[in-house]
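Letters A, B, ... mirror the listed sequences (proteins, then strands); counts begin at 1. Values below: all heavy atoms of this structure, side chains included; hydrogens, waters and symmetry mates excluded.
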Amino acid sequence: MEYLLTGFQHVLTPVTLLWVTVGVTLGYILGALPGLGKATGVAVCIPLTFYLPPVAAIAMLIGIAKGSAAGSAVSAILLNTPGEPSSAPTALDGYPLARQGKAQKALKMGLFASVIGDFLSTLILIALAAPLAQYALLIGPVELCAILLFSLTFIGGLAGRSMLKGLIAAAFGVFFATIGIETETFIPRLTFGLLELDEGISLVPMAIGMLAVAEMVVQGGNARQLDQEAQAFADSSNPDDRRVTWGEWRRCLPVIGRGTLIGAVVGILPGLGASVGSFLSYGATQRASKTPEKFGSGMIEGVAAAESADNAVVPSSFVPLFALGIPGSVIAAILIAALVLHGLTPGPLMFREQPQMVADIYAAMLCASVILLIVGYAGQRLFAQVIRVPIRLIIPGVLFLCCIGAYMETNSIFSIYVMLAFALLGFFSRKLGFSFVTFLIGFVIGPNLELTFRQSLQLLNHDPMRLAGHPIAILFGVLTIVTVALIARSNARLAARQAADSDAVPTQQS
Amino acid sequence: MKKADFVSGLILGVFGLTMLIFVIPAQIETAPEGYISPRLVPNLTMILITGLSALLMLRSLRGIGYTPMDDSSVFFRSEMMALLKISGVFAVSVALFAWSMPLLAGIALIVGTLIALGERRPLVIVVMPTGLLLVVWLVFYRLLGTVIV
């Protein structure tokens with residue numbers, strides 16, 4: 001608590017607050033634009049933070065993530081095109097509200113639910129991460145290796161429709177992490193004689209290429225369609241249609257509470273992601289409603305449920321990152337690069353070695369929630385105009401910033417080449433359904449997974465029977481196998497149901 | 001998607017085998033006595049990728065887990081055209097960066113992408129690169145005190 005109070009002293013300075021505000025505003029705008037998500041924003045802005053003080057830098061990046069999660073509701077409500085997939089359930093009721101002339105009401109409820117979900121989830125992060133980290137310190141390399149393997153399998157299995165493709169992407173991520181000089185023998189691996197690869201492939205240009213550049217190419221291909229969707233919308237003249245009434249607040253507060261809880265739990269579990277959280281929350285609210293049939297036709301509770309869960313996922317996804325050093329989401333994976341860059345290695349030891357820095361980040365996250373409310377409320381009408389900017393005018397600017405972002409990390413054109421190579425990989429992985437999220441998480445986890453795997457081999461003296469002395473490792477090993485089996489069975493059932501549905505449609509038509 | 005899965009499984013399988021048989025042995029030396037081989041994890045990941053790719057091919061051949069909708073193409077002409085156009089703009093921009101100066105590369109990237117995506121208004125084509133370069137100069141050169149060379 002003492003550290004947290006000091007943290008507020010460090011954060012409540014004009015410079016830090018300015019950068020948090022810049023981050024939140026930038027994130028809100030990026031979130032509002034379809035296709036430009038929080039991961040893209042954070043990846044592109046990491047190099048910008050090289051020259052900022054550590055707390056301001058991390059606070060700005062977290063501000064982008066929070067702003068973007070909230071901003072994605074804008075295009076979902078006004079265009080029926082979610083800024084991020086996690087805002088898809090917001091569009092189900094938000095867009096009908098906008099068509100009824102109640103866009104301002106839906107936007108306001110989306111913002112309030114986002115801020116409440118985000119703020120409460122940050123409190124959950126603060127309450128859970130440090131105690132969990134104390135237990136994590138008791139874990140040895142064998143157990144950590146099993147946990148990392150489990151997390152990667154879990155994430156790979158859940159990302160996308162095909163578990164096989166998810167696992168291939170995860171294996172590729174780990175493989176690319178092995179490039180560079182091996183730390184034990186100092187033997188270069190797969191560097192092809194290029195000195196630039198001796199230290200391995202840098203995460204920043206890789207993430208910028210896979211997330212931002214690849215997405216811009218896809219958006220470029222769909223530019224005409226996206227611009228057509230940005231049609232004019234009209235606001236109602238009734239003041240009650242432009243604000244959230246007390247009656248609506250009373251109906252929505254329990255929904256927001258439930259959404260926050262669902263979002264926080266989903267965020268803590270690695271790999272599930274904000275989309276799962278928002279859809280679960282929307283579904284739970286619909287089931288709990290006395291008028292479930294009205295959902296999808298403009299129920300304000302639908303917006304509140306989806307947005308509170310969507311935004312609660314972001315802070316709680318930092319729980320496994322802070323407590324165990326395991327990134328549970330792509331945003332957490334990218335943030336690792338920023339945290340390490342600014343002298344904070346995520347994991348259980350950071351609470352012991354740099355408690356003040358951790359508290360500063362917590363304080364910055366809480367302040368970012370408040371700033372999100374202010375920026376979102378004050379700039380709502382302005383942000384609503386952003387979506388009308390033709391996408392062909394946005395892509396050149398984003399690509400230009402991507403190049404600067406990639407270049408700034410090493411001051412070498414080699415980073416641009418890395419960015420372009422992974423942009424190509426990102427484009428084809430998107431089109432073919434290989435999860436680039438799993439790839440990036442595999443790449444981030446890779447070095448730690450290899451290190452703990454090697455340590456485990458030495459500790460166990462290459463004898464699998466010695467695993468009997470590591471029950472936690474056995475537990476996670478079993479969990480990994482069970483998870484693979486369960487996900488495979490669930491995917492097979494889903495596919496069978498979809499096949500049956502698609503068979504039924506032509507039969508009915510004929 | 002079914003056909004695309006088969007082709008991607010085939011390509012990845014061949015890639016994995018090539019890495020296992022030729023590239024990894026040629027590019028990673030053997031470890032000194034008493035050390036765990038540095039080839040261990042790259043080999044393991046490639047074995048996993050090859051095995052999973054073979055499974056992917058098998059599933060797509062047998063049509064397990066696919067719906068009739070999965071027979072449609074995953075690549076759209078407009079997206080492939082955008083990929084080609086933006087790749088071309090990047091090629092010109094990188095060449096300008098290597099052989100002339102960053103400023104020209106930046107202008108080429110912004111103007112080239114604008115034109116490639118269908119923007120024809122001269123005012124936008126002039127104002128946008130000017131504005132963006134000015135913002136970058138203000139943020140990086142003036143505010144953050146760094147340079148791009």
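With a threshold of 4.5 angstrom between heavy atoms, L457(A) approaches chain B through side-chain atoms but not through N, CA, C or O. Of the atoms belonging to F176(A), not a single heavy atom falls under 4.5 Å from chain B. With a 4.5 Å cut-off on non-hydrogen atoms, E184(A) touches chain B through its backbone and its side chain both. Both the backbone and the side chain of L52(B) come within contact range of chain A, each with at least one heavy atom under 4.5 Å from a heavy atom of that chain. Both the backbone and the side chain of L399(A) come within contact range of chain B, with heavy atoms under 4.5 Å apart. Residue V124(B) touches chain A through its side chain alone, counting heavy-atom pairs closer than 4.5 Å. If you measure heavy-atom distances from F400(A) to chain B, the contacts under 4.5 Å come from both the backbone and the side chain. Residue S93(B): no heavy atom, backbone or side chain, is found under 4.5 Å from chain A. For L48(B), the part lying under 4.5 angstrom from a heavy atom of chain A is the side chain only. Neither the backbone nor the side chain of L449(A) comes within contact range of chain B; no heavy atoms are under 4.5 Å apart. Using a 4.5 Å cut-off between heavy atoms, S37(B) contacts chain A through its backbone alone, with no side-chain atom that close. Residue I187(A) touches chain B through its side chain alone, counting heavy-atom pairs closer than 4.5 Å. M81(B) does not touch chain A: none of its heavy atoms, backbone or side chain, sits under 4.5 Å away. Using a 4.5 Å cut-off between heavy atoms, I416(A) touches chain B through its side chain atoms alone. Within the 4.5 angstrom heavy-atom criterion, atoms from both the backbone and the side chain of F172(A) approach chain B.
Using a 4.5 Å heavy-atom threshold, the side chains of L432(A) and F75(B) count as touching. Taking 4.5 Å as the limit, every side-chain heavy atom of V217(A) sits out of range of all side-chain heavy atoms of E79(B). Side-chain contact check for M80(B) versus F427(A): some heavy-atom pair is nearer than 4.5 Å. Taking the side chain as every heavy atom from C-beta outward, V41(B) and E182(A) never approach each other to under 4.5 Å. At least one side-chain heavy atom of L12(B) sits less than 4.5 Å from a side-chain heavy atom of F434(A). In this structure, the side chains of L83(B) and L424(A) come closer than 4.5 Å at one or more pairs of heavy atoms. Annotation: side chain of K165(A) is in contact with side chain of L56(B) (closest heavy-atom distance under 4.5 Å). Between S78(B) and N222(A) there is a side-chain heavy-atom pair separated by less than 4.5 Å.
Between chain B and the options I179(A), L420(A), V213(A), I395(A), heavy-atom pairs under 4.5 Å are most frequent for L420(A). Contact count against chain A (heavy-atom pairs under 4.5 Å) is highest for I49(B) among L40(B), I86(B), I49(B). Counting heavy-atom pairs under 4.5 Å between each of V218(A), L167(A), L393(A) and chain B puts L393(A) at the top. Counting heavy-atom pairs closer than 4.5 Å to chain A, the top-ranked of the candidates A82(B), G112(B), P42(B) is P42(B).
When all heavy atoms of Q27(B) and T191(A) are compared, the pair lying nearest together is OE1-N, 3.9 Å.
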After noting the C-alpha distance and the side-chain angles of V23(B) and F192(A), does the key distance pass the side chain to side chain contact (heavy atoms under 4.5 Å, CB included) rule? CA-CA 10 Å; V23(B) 181; F192(A) 296 90; 3.8 Å; yes
Candidate pair F90(B) and Y417(A), rule ring-ring contact (aromatic ring centres under 6.0 Å, His included), full reasoning: CA-CA 10 Å; F90(B) 266 114; Y417(A) 297 148; over 10 Å; no
Side chain to side chain contact (heavy atoms under 4.5 Å, CB included) between R392(A) and T113(B), worked out: CA-CA 8 Å; R392(A) 67 175 185 280; T113(B) 317; over 6 Å; no
T178(A)/T45(B) under side chain to side chain contact (heavy atoms under 4.5 Å, CB included): CA gap, chis, key distance, verdict: CA-CA 10 Å; T178(A) 64; T45(B) 51; 5.7 Å; no
Decide yes or no on side chain to side chain contact (heavy atoms under 4.5 Å, CB included) for M19(B) and L190(A), but give the supporting numbers first. CA-CA 10 Å; M19(B) 293 299 283; L190(A) 302 159; 4.1 Å; yes
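The CD1 atom of I36(B) sits 8.0 Å away from the CZ atom of F453(A) when rounded to the nearest 0.5 Å. With rounding to the nearest 0.5 angstrom, the CD1 atom of I28(B) is 9.5 Å from the OG1 atom of T185(A). Within the model, atoms CE of M128(B) and CD1 of I394(A) stand 8.5 Å from one another, a figure rounded to the nearest 0.5 Å. Rounding to the nearest 0.5 Å places CG of L401(A) at 6.5 Å from CG of L132(B).
Side chain of R189(A) to backbone of P38(B): a donor-acceptor contact under 3.5 angstrom is found.
For E29(B), the CD atom sits in a loose shell: 12 or fewer heavy atoms of surrounding residues, nucleotides or ligands are nearer than 6.0 Å.
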